[in-house]
Amino acid sequence: MADALVSAVLQQLTAVVYQEIEQEVTLVVDVRKEAQKLKSTLQTIQAVLIDAEKRQVKEEAVKLWLDKLKGTSYDMDDLIDEWNAFILTSQIAKKKVCYCVPSPCFSFSKIVLHRDFAVKIKDLNKRLQVIGREKDTFSFDLVRGNEEVERPITTSFIDVSEICGRDQDKHTILNKLLSENSQEQRGPHIISVVGMGGIGKTTLAQLAYNDQRVKAYFDKRIWVCVSDPFDEIRIAKAILEALTEVAPNVIELETLLQKIHHLIERKKFLLVLDDVWTEDCTKWESLKHSLKCGSPGSKILITTRKENVANIMGSTTLFPLGQLSEEECWLLFSQVAFFGRTSEECKCLEGIGRKIANKCKGLPLAAKVLGGLLRFKKSKEQWQSVLDSELWELEEAEKGIFPPLLLSYYDLSSTLKQCFSYCAIFLKDSVIEKDKLIKLWMAQGFFKGTKNKQVETIGQECFDDLAMRSFFQDFQKNENNSRILKCKMHDIVHDFARFLTKNECSMLEVKAVNDPKIESCTEKGRHLVVVLEKGCSFLPYIYNFQKLRSLLIKSYNKNSSIGGALPRLFDELICLRSLDLSWCLIKEIPKEIGKLIRLRYLKLSNNHHLRELPETLCDLYNLQTLDLTRCRSLRTLPSGIGKLLNLRHLDNWETFRLRVMPKGLERLTCLRTLKELVVGDGCNDSGTFTIGDLANLSCLQGDLNIRGLGNATDLTEARKAKLRNKNDLIGLTLNFDFSTGRIGGEDIILEALQPPPYIERLEIRCFNGPLLFPSWLQSSTLAQLRRITLSNCRNWEYLPPLGKLPSLESLEMLNMKRVKTVGVEFLGVTREEGQASSPTSSLASSSSMIAFPNLTSLRFTNMGEWKDWISCEIASTRGAEVDIAVMPRLHSLDIQRCPMLKTLPDHLLRLTSLKELSIAWCPILSEYCRKEWPSISYIRDIRVDGVYVQRNGH
């Protein structure tokens, strides 16, 4: 990680050396020279860092030297950040004063900063010179790029009697190996076993390779330990040697492949490629082509840590390998740890031993290593000491446990090393929100955007890379698009991250008054998590951590002492980049927050009593993320918010009391997340954000809830918003609340607010316009729309024609109080040139159609005047019956508080897809269902007024 940090500082130093922002902030000559010296010394040190980072695992002196280097590098980064913040402040100040002459005070502050900067950079140079001289005492190797790590060579030999568990996994792999390939497939079937280091991929491959059925099934079996790099000639030689039992003396790849082709032609073979790392498909292609001549049923079995590798190798089957069960892990651990002991000794140590085995969390490698460690620990006290120790601080265990994780770690780029190591800041076993993690990475400056790629996209790629390498697990995914939302880290992987950041990431747990539990907490630490339980005071001790870059406080609404500590906290911890104060019962943010000029990430969510934010918050020009989610008492945003030019994410979901937003918000052209937008009427230069200002926020993505549309009266402003051009939005709510009491006009505003074509979720709320549906509410413009909610559209007497929306899956209607009849106009098949106006409108010319082809969930709530739901037995204009299918995939129907509804339409009662029917507070309809029970009893789950009358068909 030192290499990654030094690389980042060097990049910034280069920018500072050549940086000039007109004459007012030009670096003085001495400062420029000092910066050049720093850069030169850092480059010399950087050349040995790869070797140093490998040696630190075993050499404490090297680790201490690296810690010193990282500390100095962090201080350099802080100083550069201070300089950049000053320049950004100067730029914004110049825009303010425009043609005015800068004040003497402002000019004087520049001179003071120059001198202060010069003094600090000279001091850093002295410190770095000392570190540079100390470097020479270690005789480091000069390493360029990612030097290849020595990897253990695997073989196919295994003692089956020593293996615990994996019976089901072995059975699955054997079934795949012994099955015949499909006739269409040309070449061998490729099976990839994917999992983290130490999970048992090689062991599973060995078990399958040596199974008697496998030996009988295949004519030829070949085992190759591939490792990294993927050397095609070496691999081809290994295959040829396995086939001929003679070491080949050929060195040309083409000759080797020809010989392999000849030896396996028309033979059924099994090739195991163990420990594959390469993501360069060109290295595999020539070898792959030479293997296509085998008999049907030939297989290639690959083991790898990266799912991406499996895909690149052309795998037809991916087999993710999970952890051992608790009992299997214990059996493996005890088999090693209890070797040679008497039954009496085993019985005495079993209780502690099971607890130690549980720490392995199903990781076979950890179970074997800890078992091997404890085999030579004789006393119960020694075993207890191991149980109470931090796993990665055990010197005896390093040789066994670290190599698989270190191999994965060393394979990472410098950016990914920083990203992974930072994950140590999360509490063990905690659920990690992917988007939050990426924003925290951004705040630390681990990566920067490019001209063609946004910084969030790079963060997503980093997350995906770490996920594919099995550093994350237990993924929670979006049910619609399989996008990962949350994950966890295996405890051992988390411990490994903590080991890498031992003096940088700390946790301070305060469970009782004046009784803090501190884990490896040093005042030079850079990242700190504080857990405050109820009744515990905020510790003044934290003020000493003046170099902190991350402070995450976990209070969970149990502790109110934090608010009073904030002024001093903001005075002291001025190096913070990330600050999480969510769930802290904060009522007021003090003005001192303006001193945190390096802050990029500020999370204030779930402070339900927070009413306002200070204007000084707008001095945080580096701020990228401001999270105000569920700050339900927040009434205003600071008027100077337009100064936060680097703000990219304003999370303000469920800030219900915000009634206006300040003018200036439209200047935040980097903004990608804006959960709720409140628009004003734009009259009398009120200083509030109007719907037309939305045009400037062209980068918005995700979900956007526009409130206050009842204030919008200017059609020109609505058109100016260019809502249809915001193609990265996937969810949109148009809320016509805060109505000014006007009569008419909302329909033309709604028409002008056409959503972008790729929208997936749409809500229209509190619409008071007449019975004129917007022209864009049809299939040709909203082909991706999957979910619609229509609520409180008070003047609509009929439902809009939605049946032709091809992707619609969920539809919800609430409080449509003037709707009396739902007929064929709702299906979207009666629509002519104009608007549908009654259920007796004539049909289109088509004689065969599907209405709501993909709808699976339909809900009606609180429709007090609704009486009739008309069946779709319709005649065409020529009198011939039309073949129409209605909601052929409907799975769930929910009807609540519709007291006048009489019946269900026949076309619904014929749906075999309908599995769930729920009716509540609908007395007439409930009675109808009782009378017509034979017509609905085929539905699997039926619930009336909250009580199941049929469940699972019984």
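Basis for what follows: all heavy atoms, side chains included, without hydrogens, waters or symmetry-related copies. All values derive from a computational prediction rather than experimental measurement.
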Can you name the residues that form a side chain to side chain donor-acceptor pair (under 3.5 Å) with S192, not counting sequence neighbours? S315

Side chain to side chain contact (heavy atoms under 4.5 Å, CB included) with D435: which residues, sequence neighbours excluded? R483

Side chain to side chain donor-acceptor pair (under 3.5 Å) partners of E241, counting only residues at least two apart: none

Non-neighbouring partners of E456 that pass salt bridge (charged side-chain N to carboxylate O under 4.0 Å, His left out), sequence neighbours left out: R648, R672

Excluding sequence neighbours, so at least two apart, what forms salt bridge (charged side-chain N to carboxylate O under 4.0 Å, His left out) with K306? E279, D411

Taking only residues two or more places apart in sequence or in another chain, which ones pass side chain to side chain contact (heavy atoms under 4.5 Å, CB included) with C348? K380

Partners of K439 by salt bridge (charged side-chain N to carboxylate O under 4.0 Å, His left out), sequence neighbours excluded? D651

Please list, chain by chain and in numerical order, all residues satisfying side chain to side chain donor-acceptor pair (under 3.5 Å) with E307, sequence neighbours excluded. none

Pairs in or reaching into residues 254-271: which pass salt bridge (Lys or Arg N to Asp or Glu O under 4.0 Å), with residues at least two apart or in two chains? E180-K268

Residues which pass side chain to side chain contact (heavy atoms under 4.5 Å, CB included) with T282, listed by chain and number, not counting sequence neighbours: D280

Under the side chain to side chain donor-acceptor pair (under 3.5 Å) rule, collect the residues that match up with D231, sequence neighbours excluded. none

Listed by chain and number, what are the salt bridge (charged side-chain N to carboxylate O under 4.0 Å, His left out) partners of E345, not counting sequence neighbours? none

